[in-house]
Amino acid sequence: GGMIHMRQWYDQYRTMVESGKYGYGAIKEFLNSHMPDRLFRYRTFDKHFTTNCQGEVHMSYPQLFNDDKDSAFILDIIDCFVNYRARSDEDKKIAKLCAPYLEKKLNLKDGVQELIERIRNCAKIACFTDSDRNNHMWENYAEENKGFCIEYDISKNKIFKYYLFKVIYDNNIYDLKEGIVRGNRNYMLNPFIHKTNQWMPEQEWRLVWFESPEQKAPNEIQLGNEVVSIKLGEKAVETYPNEVEVLKKICRDKNIVVR
């Protein structure tokens with residue numbers, strides 16, 4: 001029954017996100033009543049494994065991810081200027097956003113590219129998923145079952161209340177221009193929570209932490225109190241016996257269940 005229930009609220013969430021009538025706060029409020037209590041991250045025994053299992057979560061900019069289309073969007077600025085001349089408010093809004101980039105560049109295309117990179121880099125992201133039984137994730141993110149999966153109880157941490165979003169899967173790359181021109185209340189958020197359908201098996205939830213020049217997003221967040229269990233991949237013990245012992249000791253000290 002969980003899946004049917006999720007479909008209903010997911011469709012409503014998606015409608016809210018894509019209608020442009022709802023601000024960030026309203027979307028988050030709706031989503032908070034449908035967030036799972038537990039989320040998961042799949043890891044490998046790399047150099048960060050000891051800090052990872054103690055709850056450190058690295059946040060990064062989307063263009064460092066393995067999906068080059070992550071948080072990508074289309075923005076045809078020339079079209080905005082030409083076609084929306086009559087709609088002066090919109091025109092001003094876009095002109096203001098673009099001016100600093102377009103003035104510096106002789107070539108409009110370079111200016112647009114720089115603006116797009118700038119927008120893609122205005123939020124840091126950390127990725128989670130909703131199950132520890134996802135074969136796709138074990139294969140791709142836990143070194144083919146040689147790694148581990150961390151379970152977090154997110155119900156008590158305010159960070160998730162403010163910054164967690166469910167990823168929406170759609171093969172159409174989000175058109176930012178339409179959002180700006182229509183005056184969407186959440187147009188900046190949309191690129192960060194859309195991914196193409198090939199990523200659907202990940203069933204991702206992501207923390208999206210926007211930053212401004214004055215207020216940078218953190219590089220790491222500490223979820224030491226939220227880690228409730230660690231599940232070892234089927235091949236973890238045979239492949240990394242020493243590392244598994246280290247992990248078990250850390251978990252004993254911190255009352256984290258190892259499964």
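- Within 6.0 Å of the CD atom in Gln198, the count of heavy atoms belonging to other residues, nucleotides or ligands exceeds 12.
- With contacts defined as side-chain heavy-atom distances shorter than 4.5 Å, the pair Val57/Tyr152 qualifies.
- Residues satisfying the salt bridge (Lys or Arg N to Asp or Glu O under 4.0 Å) criterion with Asp37, sequence neighbours excluded, are absent altogether.
- No close placement of the Tyr10 and Tyr169 rings is indicated, their centers lying 6.0 Å or farther apart.
- Note: Asn145 CG to Trp138 CH2 = 6.5 Å, rounded to the nearest 0.5 Å.
- The distance from the CD atom of Glu211 to the CE atom of Met59 is 9.0 Å, given to the nearest 0.5 Å.
- Between Tyr162 and Phe165, the shortest heavy-atom contact is O-CE1, 4.5 Å.
- Between atom CD1 of residue Ile27 and atom NZ of residue Lys21 there is a gap of 12.0 Å, rounded to the nearest 0.5 Å.
- Note on residues 134-145: pairs passing salt bridge (Lys or Arg N to Asp or Glu O under 4.0 Å), not counting sequence neighbours, are Glu144-Lys146.
- The list of side chain to side chain donor-acceptor pair (under 3.5 Å) pairs with a residue in residues 39-54, not counting sequence neighbours, is empty.
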Under 3.5 Å donor-acceptor pairs involving side-chain atoms of residues 124-132, not counting sequence neighbours:
{"residue": "Lys124", "atom": "NZ", "partner": "Ala217", "partner atom": "O", "Å": "3.0"}
{"residue": "Lys124", "atom": "NZ", "partner": "Asn219", "partner atom": "OD1", "Å": "2.6"}
{"residue": "Thr129", "atom": "OG1", "partner": "Glu202", "partner atom": "O", "Å": "2.7"}
{"residue": "Thr129", "atom": "OG1", "partner": "Gln203", "partner atom": "O", "Å": "3.1"}
{"residue": "Ser131", "atom": "OG", "partner": "Arg133", "partner atom": "N", "Å": "2.8"}
{"residue": "Asp132", "atom": "OD2", "partner": "Arg259", "partner atom": "NH1", "Å": "3.3"}
{"residue": "Asp132", "atom": "OD2", "partner": "Arg259", "partner atom": "NH2", "Å": "2.8"}

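- In the hydrophobic cluster analysis, where Ile, Leu, Val, Met, Phe, Trp and Tyr join through side-chain heavy atoms closer than 4.5 angstrom, Met137 is grouped apart from Val228.
- From Ile150, atom CD1 reaches atom CD of Glu226 across 12.5 Å, with rounding to the nearest 0.5 Å.
- Between Ile154 and Pro36, the shortest heavy-atom contact is CD1-O, 3.3 Å.
- Going from atom CZ of Phe160 over to atom CG of Leu207 covers 5.0 Å, rounded to the nearest 0.5 Å.
- No side-chain heavy atom of His34 sits under 4.5 Å from any side-chain heavy atom of Tyr13.
- In this structure, Phe210 has its ring center under 6.0 Å from that of Phe192.
- In this structure, the side chain of Lys28 engages the main chain of Leu164 through a donor-acceptor pair within 3.5 Å.
- Under the ring-ring contact (aromatic ring centres under 6.0 Å, His included) criterion, Phe45 pairs with Phe49, Phe148, Tyr240, sequence neighbours left out.
- Counting only N and O atoms by type, the side chains of Glu18 and His194 include a donor and acceptor under 3.5 Å apart.
- In this structure, Gly147 and Ala236 approach most closely via the heavy-atom pair O-CB, 3.7 Å.
- Between Ile221 atom CD1 and His58 atom NE2 the span is 11.0 Å, to the nearest 0.5 Å.
- Under the 4.5 Å side-chain criterion, counting only non-hydrogen atoms from C-beta, Met16 is in contact with Phe30.
- Here the closest non-hydrogen pair linking Ala123 and Pro62 is O-CD, 3.4 Å.
- At distances below 3.5 Å, at least one donor-acceptor pair connects side-chain atoms of Asn197 with backbone N or O atoms of Asp170.
- No more than 12 heavy atoms of other residues, nucleotides or ligands shown are found within 6.0 angstrom of CD on Glu29.
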Sequence neighbours excluded and cut-off under 3.5 Å, please list the side-chain donor-acceptor pairs for residues 246-258, or say none.
{"residue": "Lys249", "atom": "NZ", "partner": "Asp253", "partner atom": "OD2", "Å": "2.9"}

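- The minimum heavy-atom distance between Asn32 and Lys161, with the atom names listed, is ND2-O, 3.1 Å.
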